[in-house]
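See below for the structure under consideration.
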Amino acid sequence: MTIGIPRALLYYYYFPLWRSLFTNLGHQVVVSAPTNGEMLEEGIKQTVSEICVPIKVYNSHVIELLKKDVDFIFVPRFVRNNGREWYCPKFLGLPELVKYSIPEAKEKMISFDIHPKIDDTFDAKDFLPLCDYLNVSKRDLKNALKKANEDFLKFRAFMEKGYDFERALSALDGIDNPPPFKKGALNILLIGYVYNIYDPLVSMNIIQKLRDMNVNVYTFDMLNEKFIRNPKEKGKKIYWVFTRKIYNTVRRMLLDDEIDGIIHLTAFVCGPDSVVGKLFELDCDKYQKPFMTIRVDEHTGHGHLQTRIEAFVDMLKYKTKNAM
Amino acid sequence: MKVAFPYMGCVTAYDWFLEHLGHKVVMPPEPTQRTIDLGVKYAPEFFCYPFKIMLGTYIEVAEKGAELIISSGGCGPCRAGLYGEVHQRVLDHLGFNTEVVIFDSLFQDPKDFFRKVLSVKNNTSLMSVLKYFSIGFKMVEDMDAIQRKINILRAYEINRGDFNEAFSKIKKMYRKCESKKDVLKTTVEANAMLDKIPIRKVREEERIRVGIVGEIYVIMERCANNSIEEKLNNLGVEVETVQDISSWVKHNLIPRRFNKEKSWQVIEKAKREYTPLNVGGHDLENIGWMIDFAERGFDGIVHCMPFGCLPELVTRSIIPQISKDKNIPILSLSFDEQISSANVQTRLEAFIDLAKNKKKKPGLFEEFEFKEAAIV
């Protein structure tokens, strides 16, 4: 059977795991095409207008998969991590956001709740409902998941070496193409969720654009989980999984003198980012780190992005020159 | 210590309760345009609207010298759980010497909860605290009931403004209470006052009833929702709101097993029919209430939410389906600092016309494409 995976949201984090899992169970994985304007048009028409652009992108990929006539579409519901942290509410309501916006998808959805213990390996019990959907035994699922976890850790190891998503994925498939990190170039931390910074349409290839300007780009998923856990301190912690990751990445990188500046790429009306965005601003102010927020949605133009990052990079170059 | 709280729901009772604990209360003024402007100026741009209004209120009370602000919290996944932290950071940044104390759920971290109770109770004996709390809560309950009554009767008032005038008098009457007996007496008096106000008589089949569901702050506070209840009443429509402080407290404070609140029953309904999981706010409850309103034969539902509220946006994506299944018109409105009164008024008028027409000619509605019927 063919299982469709929308190239959106957590695809950019968990795809190697899902691909390995379904292939090892003997199914064929179909991924929707990279986001383009026409696809997004259709997603926008079907989705509630006020929601953030990643969900609109997700729905356009679901529509795309329906056109490809796959047997199933994998729409997992990530709920809680470790019993303490939540995923962003949009992940909790993802199956509803899909099936009530695109009624045709309802019949084809593979959708169940996932409560991972830690977010880099999964227990068989997280994926147990798959047995019913795909008619496989629990033992097969366990074996497949074990291999999938191994593959995922290999993929994470590439990410931690500084690969971006596409490069890590092809490295996993045997085509190793290390990312360009140059000595003496500017180092910029690009902070933002995987589904924004790696989506070609939403991010407008910001990573490539920065590299073309001779800049070394770092992202939060290049850090090992153990560096970005919540520190032991009083007070309420950020309780969304990926938001916690980006927040602690910034807090860590603020102490790093190698990092010349921070760019925060966020989607319009992103709830968690509206909280940490303010905290970033206050923190960067305190540590005197240059900081810029780029807010994107389906209306953002290339020119806008290009102008702003050029100005930011120029400013950083000027600053380092003057410091010397 | 000078104590304050956000302006939400029955502020008279909070004022009364804290004063009896021996605090000096800085009464938050009812939010005005200045409050909203202050909040918008200093809050993160895309934070939700309730946060901004609350921040405006906090700045106003801090200007008046409040040292402690008491509010309730949450533990995710909705943003409301982090209100306190960000409020505190912004107040610190502005240079106010004000502490924000957040009461989270008792069951989440009992130790922390009791530590905060101790810090607020101000050497009052625990027995007295409980006594004052029970009187204060009775006050909240009764005033909420009166508010609910007004939302129905005001639809038929002959001299516009009678009910509002009566309610502001009633609030003052409650403020003077000292014991539970006083509260009960005041409630009887207040009800008598309302019953004396002249109203139009309508036939049962001519009554138009609309339910309001949505995010708790937006549907409770008229500064946040452009006095939507009053606007609907002025169109001759009875209104029932699903959230107020007394039902919120009862919903959350009584352990689940003994909790007989209707809000829990409607949640079961929503779970059975539409979605298995609460996404963060009151979404499951709201879906449940929509089903309930439809079953009770209401003529329409207005869904109010702050702009960009994710849990309510998940609800909004389900609304067309509910409207279709239950054959009831639903209007969903987002509120933020940009909304204008004329916008709300026009949309409500159009919506009520639709609901009235549907009542007159029930068959007419079915001819519409359903996606249009739920004005989303």
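Chain identifiers are assigned alphabetically (A, B, ...) following the order of the sequence lines, protein sequences preceding nucleic acid strands; residue numbering begins at 1 within each chain.
- You'll find the side chain of B:Thr275 stays beyond 4.5 Å of the side chain of A:Lys99, heavy atoms only.
- Here B:Arg316 contributes atom CZ and A:Ser101 contributes atom OG; the two are 12.0 Å apart, rounded to the nearest 0.5 Å.
- Going from atom CG of A:Asp283 over to atom CZ of B:Arg89 covers 5.0 Å, rounded to the nearest 0.5 Å.
- With rounding to the nearest 0.5 angstrom, the CE atom of B:Met305 is 4.0 Å from the CD atom of A:Glu50.
- For the pair B:Phe46/A:Cys270, no side-chain contact is recorded, criterion being any heavy-atom separation below 4.5 Å from C-beta on.
- The CD atom of A:Glu281 lies 8.5 Å from the NE2 atom of B:His93; values are rounded to the nearest 0.5 Å.
- Of the listed residues (B:Cys309, B:Gly84, B:Ala43, B:Pro44), the greatest number of heavy-atom pairs within a distance under 4.5 Å of chain A belongs to B:Pro44.
- Using a 4.5 Å cut-off between heavy atoms, B:Phe307 touches chain A through backbone and side chain atoms alike.
- The parts of A:Leu279 that come within reach of chain B are both its backbone and its side chain, each placing non-hydrogen atoms under 4.5 angstrom from that chain.
- Open room surrounds NZ on B:Lys271; 12 or fewer heavy atoms of other groups in view lie less than 6.0 Å from it.
- Put simply, of B:Ile318, B:Val314, B:Leu310, the one with the most heavy-atom pairs under 4.5 Å next to chain A is B:Ile318.
- Looking at B:Asn278, the atoms closer than 4.5 Å to chain A (heavy atoms on both sides) all sit in the backbone: N, CA, C or O.
- Looking only at side-chain heavy atoms (C-beta outward), A:Lys90 and B:Pro77 stay at 4.5 Å or farther from each other.
- Checked against ring-ring contact (aromatic ring centres under 6.0 Å, His included), A:Phe280 has the following partners two or more places apart in sequence or in another chain: A:His264.
- If you measure heavy-atom distances from B:Glu45 to chain A, the contacts under 4.5 Å come from the side chain alone.
- In this structure, A:Glu96 CD and B:Ile287 CD1 are separated by 7.5 Å, a value rounded to the nearest 0.5 Å.
- Every residue two or more places apart in sequence or in another chain that forms a ring-ring contact (aromatic ring centres under 6.0 Å, His included) with A:Phe78 is listed here: A:Tyr14, A:Tyr87.
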- Test B:Leu82 against A:Trp240 for side chain to side chain contact (heavy atoms under 4.5 Å, CB included), laying out the working first. CA-CA 11 Å; B:Leu82 286 168; A:Trp240 302 286; 3.5 Å; yes
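- When heavy atoms are compared at a cutoff of 4.5 Å, A:Cys52 does not approach chain B at all.
- Summarising the geometry of B:Val279 relative to A:Pro89, their closest heavy-atom pair is CG1-O, 3.2 Å, with the distance given to 0.1 Å.
- In this structure a side-chain-to-backbone donor-acceptor pair under 3.5 Å is present from A:Tyr100 to B:Tyr274.
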